**Q** 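Quick one: the structure is below, questions incoming.
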Amino acid sequence: MTTAAAAVPPSSPSSPPSSPSAASVTPVFVRLKLSLLRNGLRQSSGRTAAYVASIVVTLLFAALQMLGLIALRGYAHAPALVVTVIAVIALGWTVMPLFFPSGDETLDPTRLVMLPLRPRPVVVSLLVASLIGVGPLFTLTLALGSVIAVGRGGAGVAAGVVAVPLVVLVCVALARAVAAGNIRLLTSRRGRDLALLSGLVVAVGAQFVNIGVQKLAQPDGLKVLEPVADVLRWVPPASAVDAVRAAGDGSYGQAAVQLLLNGVALALLVRWWQHSLTRLMTSPDGSTLQAATREEGKEGRGFGIAGLTRLLPAGRTGTVMLRTLRYAWRDPKAKAAWATSLAIGLLLPVVTAVQGGGSVYTACWSAGLLGMLMYNQFGQDTSAFWMVALTISTPRDAYLELRGRAMALGAVALPYVTLVVLAAAAFMGQWQAIPDALGLSLALLGALLATGALASALFPYSIPQDSGYKNVAPGQVGLAWISILGGTLVGALLCAPLLALDIWLHVSGGHAWLWLILPLGAAYGLGVAVLGLRLAAPRVAARLPEILTAVSRK
């Protein structure tokens, strides 16, 4: 505040007070951005090294991308590629503030609401300050390489001079407008949940990128981008790059319209950004009575606890199931684990089928990923496990606790695994493989529930809550590896008899009896799960102090 005030010229006693102009505030915001970067690097040598290494890797990758785009100059499908690349970059600028709101402190405009500034000077100053960083430089290199790849003649060069800064400004303004428009969400608990789910988006997106790269690597693979590029060339900021191509081809009217579209898009984004800032500076937030009153009206519309309670069994089992499902819905890390398992389990059969190696048996991944959620059950409770520990005094209490947790997991896993197997069979046209694929999946689910209960009792570890990206406390990584890797291997071995029977029926020509794998797998999985819970219960009761110490470790 002192720095911002120092940049404002003093007004005469007779003149009315005026807010700072954009010209006077912009240098202050630029120095503030540089100070934030400099002070962040001073925190530790490790952070400095990581930041410098990330800059070097990013710039090297950007330089290689730029050289690759330039090498495509004159290629028939180069315009379609560069238009798609710029559109993907713009998409990245759009979603990054939603998943990584804490990556840049200047993305939070609520830090400026107490300063004597008007929204318009703040928007201009933040837009200029946002051009400082690795992201804008990376976008600049790709835009420059794209323009060089498609630009021809003097008209193309003239259009490129306008297109490159337009691409960068539209991308930066898009990110800023999205961040300002959703800042209340991003700074709330749901925003932190969204940030934790970024790993899921990255994992799913990586699979689609992998499929796309394989398609593009084929002869004339870039040809598949032409229909997409026909649409994207009219969508800012990709239309700015295509304007360079149009100007080089002599279509000056089209190029002018495309550049005008980017100018209009930039103006609209800045307007949206300014409107969001005005609302943030004038409307009440969650700390005010008005906002609290609005939030009270939203109570009870979330999870439907009352309706769910009527469906659960009575006694301790139903109470434990309700608590487990409530954690899965409300706790950010539990929600991220559940969402990742559900999404990847459904995606893997599709990815393998698209890549040409599809099989209904890949649906077993859905059972495996959900079954792994049974591991480290007590560590998932974090320090709150001591309240649960107070209710466990006998192996019977421990068994009911474990059974409730396993039943909560099974209540979601059973219909989900069945749905994935049926969907995979329909997608691949392998209806005859449903009985044995579903039977093997149910057996694997039961085996992992059993080994997960035992691993939770023998190898518990703490899950830090102060970091969204650490799932194991320092010094307990070995326990986590033994618990998860060792448990899953044992669980897979427990399914060996049923798998051997399935293979024997396939090899010996007994396809008419493959339907038996379904009831056998369901019964086998249930039996193994119950056995594992009964073996784990006395160990939980006997090792309760050690478990409590392990899961409460910081």
Side-chain angles (χ1 to χ4, degrees), residues 188-201 203-204 299-313 316-347 365-389 391 400-420 445-446 448-453 455-456 460-465 467-472 480 483-484 487-488 529 533 551:
S188 64
R189 180 179 63 83
R190 294 192 177 186
R192 293 189 291 270
D193 294 352
L194 185 65
L196 284 174
L197 292 177
S198 61
L200 169 62
V201 176
V204 174
E299 292 290 336
R301 295 205 300 259
F303 188 65
I305 299 298
L308 179 62
T309 304
R310 290 192 293 267
L311 300 177
L312 299 179
R316 176 163 185 156
T317 299
T319 302
V320 174
M321 291 180 65
L322 182 61
R323 178 185 359 113
T324 302
L325 294 174
R326 183 176 288 165
Y327 278 3
W329 182 256
R330 293 183 176 179
D331 180 65
K333 289 199 172 184
K335 182 186 293 186
W338 276 84
T340 302
S341 299
L342 292 171
I344 296 181
L346 183 61
L347 182 64
W365 276 101
S366 61
L369 291 170
L370 282 180
M372 290 176 64
L373 296 177
M374 188 65 186
Y375 288 79
N376 196 34
Q377 275 292 309
F378 308 127
Q380 296 175 20
D381 293 354
T382 64
S383 57
F385 177 66
W386 71 270
M387 301 181 66
V388 178
T391 66
L400 293 177
E401 178 70 26
L402 289 172
R403 187 178 69 177
R405 294 173 184 247
M407 289 179 64
L409 185 57
V412 177
L414 288 177
Y416 172 77
V417 170
T418 303
L419 177 64
V420 172
L445 177 62
L448 291 180
L449 291 177
T451 55
S456 298
Y461 56 90
S462 176
I463 300 177
Q465 296 299 302
S467 173
Y469 305 100
K470 292 182 180 179
N471 292 315
V472 184
S483 173
I484 298 176
T488 51
L533 296 176
V551 301

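Heavy atoms only: backbone and side chains are in, while hydrogens, waters and symmetry mates are out. These numbers come from a predicted model, not from an experiment.
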**Q** Is it the case that the side chain of Asp381 and the backbone of Val388 share a donor-acceptor pair, with hydrogens and angles ignored and the cut-off at 3.5 Å?
**A** no

**Q** How about CH2 on Trp365, more than 12 heavy atoms from neighbouring residues, nucleotides or ligands closer than 6.0 Å, or not?
**A** no

**Q** Examine distances only and state if a side-chain atom of Lys335 and a backbone atom of Trp329 form a donor-acceptor pair shorter than 3.5 Å.
**A** yes

**Q** Is any side-chain heavy atom of Thr319 less than 4.5 Å from a side-chain heavy atom of Arg323?
**A** no

**Q** Taking all heavy atoms of Ala367 and all of Leu448, pick out the closest pair and write down the distance.
**A** O-CD1, 4.1 Å

**Q** Please round to the nearest 0.5 Å and tell me the distance separating atom CG of Leu312 and atom OG1 of Thr324.
**A** 10.0 Å

**Q** Provide the closest heavy-atom pair for Pro415 versus Gly410 in the form atom of the first, atom of the second, distance.
**A** CD-O, 4.1 Å

**Q** Working to the nearest 0.5 angstrom, can you tell me the gap between Tyr461 OH and Gln380 CD?
**A** 8.0 Å

**Q** Examine distances only and state if a side-chain atom of Thr317 and a backbone atom of Gly404 form a donor-acceptor pair shorter than 3.5 Å.
**A** no

**Q** Quick check against the 3.5 Å criterion: does Tyr416 have a side-chain atom that pairs as donor or acceptor with the backbone of Leu346?
**A** yes

**Q** Hey, mind stepping through Leu400 and Val320 against side-chain contact (heavy atoms from CB on, under 4.5 Å) and telling me if it holds?
**A** CA-CA 8 Å; Leu400 293 177; Val320 174; over 6 Å; no

**Q** Locate the shortest heavy-atom distance separating Ala334 from Ala328; write the atom from each residue and the value.
**A** CB-CA, 4.1 Å

**Q** Between side-chain atoms of residues 368-375 and protein atoms elsewhere (two or more places apart, or another chain), which donor-acceptor pairs fall under 3.5 Å?
**A**
from: Tyr375; atom 1: OH; to: Thr451; atom 2: OG1; distance (Å): 2.6
from: Tyr375; atom 1: OH; to: Gly487; atom 2: O; distance (Å): 3.0
from: Tyr375; atom 1: OH; to: Thr488; atom 2: N; distance (Å): 3.2

**Q** Side chains of Arg405 and Ser456: donor-acceptor distance under 3.5 Å anywhere?
**A** no

**Q** Measure from the side-chain N and O atoms of Ser366 to the backbone N and O of Gly345, and report whether any donor-acceptor pair falls under 3.5 Å.
**A** no

**Q** How far does CZ of Phe378 sit from CD1 of Ile463, to the nearest 0.5 angstrom?
**A** 12.5 Å

**Q** At their closest point, which heavy atom of Pro313 faces which heavy atom of Met407, and how far apart are they?
**A** CG-CE, 4.4 Å

